[in-house]
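All residue numbers in this chain count up from 1 along the given sequence. Values in this document were obtained by computation on a predicted structure and should not be read as measured data.
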Amino acid sequence: IACPCALGLATPAAIMAGTGAAARAGILVRDVATIERAREVTLVAFDKTGTLTEGRPRLAALHAAPGLAEDAALRLAASLQAGSEHPLARAVLAASGPAAPAVDFRALPGRGVEGVVEGRAVALGSPRLLAERGAAAGALADAATAAAAQGRSLAWLIEGDRALALLAFEDAEKPGAAAAVAGLRAMGVRAAMLSGDIPEAAEAAARRLGLDEVAAGVLPDGKAAQVAAWQAQGHHVAMVGDGVNDAPALAQADLGIAMGTGTDVAIAAAGITLLRGDPALVPAALEVARRTRAKIRQNLVWAFGYNVVGLPLAAFGMLSPVVAGAAMAASSVSVLTSALLLARWRPEGGAR
């Protein structure tokens, strides 16, 4: 009657059933510790590009300063972006076609790029770069304000202290993004966005999706610091990302969740990988972790229950060996059956 078979089966059976059900839904869980960390999450921070959005931006508008033709401005921007794999670079090249690469090219991490094109020293980058160069938006200021209000990402073409052109980009939100935020709210988990985009564009996207918090204008090396700041506030943070720049934040977070469509570095830094890259799988991953943890506890109750009842009866000679053997076999069957019920779990709604 003291045979601990059911006790030994309680945890691994639940873990196998839970991780198996998650894998069938496209959620890969690295290890048992990940299940425990996922259960404690109180805030989920999403990277914007490629996580909440498709990661395939398009050039929606180009405004050139007086005295410069729009096709000339596009040609200068395309030369600066020639050969780059950045999503915004691909959008520029898709709009312009092939372009000769700039000479004396230099990347400016988190800000943009610069080089010499057609004998002109130009740079292309974020509004932060515009401010750092002391360049004035001039006649393009109103266009920038309007584009930001529409939630578009902005890039400036700069020469010296003058803005030559404004490029505005649109990136469609993933169909499962709003469902992911709604699912987290239903679980009592806050949803936040981490983005290097300008505050106006990030906040417009956050309003559409119903996010609770936005950290915009964050440089790549500042994402981990922002995650640490949330942790200092008492949150157990899950970070969801897909790029190389997200890897430090994924490692810093209590739980890293990587999009399977993202980079190998991001996947390696995460405890959970979403094979389909669908953000609606994020609340599903937290749900299956919680159910697996609950099933482990339920199985332990079953396992201990048989022993708590059977051991005193056996000690007082009130239990025959035949009944004791049958009870222990029944306890193992109960634990396994209980665990297999978890294997029937399926994510809800759009995460199927």
(message) Just verifying a value: how many Å separate Q226 CD and S195 OG, rounded to the nearest 0.5 Å?
(response) 12.0 Å
(request) Report yes if the side chains of V44 and L286 come closer than 4.5 Å at any heavy-atom pair, otherwise no. (result) yes
With a cut-off of 3.5 Å and sequence neighbours excluded, list every side-chain donor-acceptor pair involving residues 239-247.
unit_1, atom_1, unit_2, atom_2, d
D246, OD1, K223, NZ, 2.8
D246, OD2, D242, N, 3.0
D246, OD2, G243, N, 3.0

(message) Quiz question: by atom type and distance under 3.5 Å, do the side chains of Q252 and Q231 form a donor-acceptor pair?
(response) yes
(request) Show your reasoning for whether side chain to side chain contact (heavy atoms under 4.5 Å, CB included) applies to L76 and L124. (result) CA-CA 9 Å; L76 291 172; L124 180 68; over 6 Å; no
(message) Atom CZ of residue position R208 - does it have more than 12 heavy atoms of other residues, nucleotides or ligands inside 6.0 Å?
(response) yes
(message) Is there a side-chain contact between L211 and L52 in this structure, where contact means two heavy atoms from C-beta onward sitting under 4.5 Å apart?
(response) yes
(request) Please check if any side-chain donor atom of D142 sits under 3.5 Å from a side-chain acceptor atom of T145, or the reverse. (result) no
Show every donor-acceptor pair shorter than 3.5 Å between a side-chain atom in residues 134-141 and any protein atom, with sequence neighbours excluded, or say none if there are none.
none

(request) Side-chain contact test, heavy atoms from C-beta onward, threshold under 4.5 Å: evaluate it for E213 versus W230 and give yes or no. (result) yes
(message) To the nearest 0.5 Å, what is the distance between OG1 on T292 and CG on L342?
(response) 4.5 Å
(message) Any non-hydrogen side-chain atom of T19 less than 4.5 Å from a side-chain atom of I35?
(response) yes
(request) Please tell me if the side chains of R291 and E287 come closer than 4.5 Å, counting only heavy atoms from C-beta onward. (result) yes
(request) Would you indicate whether the side-chain heavy atoms of T49 and F169 approach each other to under 4.5 Å? (result) no
(request) With the side chain counted from C-beta on, respond yes when R75 and V117 share a heavy-atom pair under 4.5 Å apart, and no when they do not. (result) no
(message) If you apply the rule side chain to side chain contact (heavy atoms under 4.5 Å, CB included), what do you find for R111 with L219, and how did you get there?
(response) CA-CA 8 Å; R111 293 166 175 81; L219 291 173; 4.0 Å; yes
(request) Give a yes or no on this: more than 12 heavy atoms of other residues, nucleotides or ligands lie within 6.0 Å of atom CZ of R56. (result) no
(message) With rounding to the nearest 0.5 angstrom, report the CZ to OG1 distance, R276 to T261.
(response) 11.5 Å
(request) Please tell me if the side chains of D171 and E54 come closer than 4.5 Å, counting only heavy atoms from C-beta onward. (result) yes
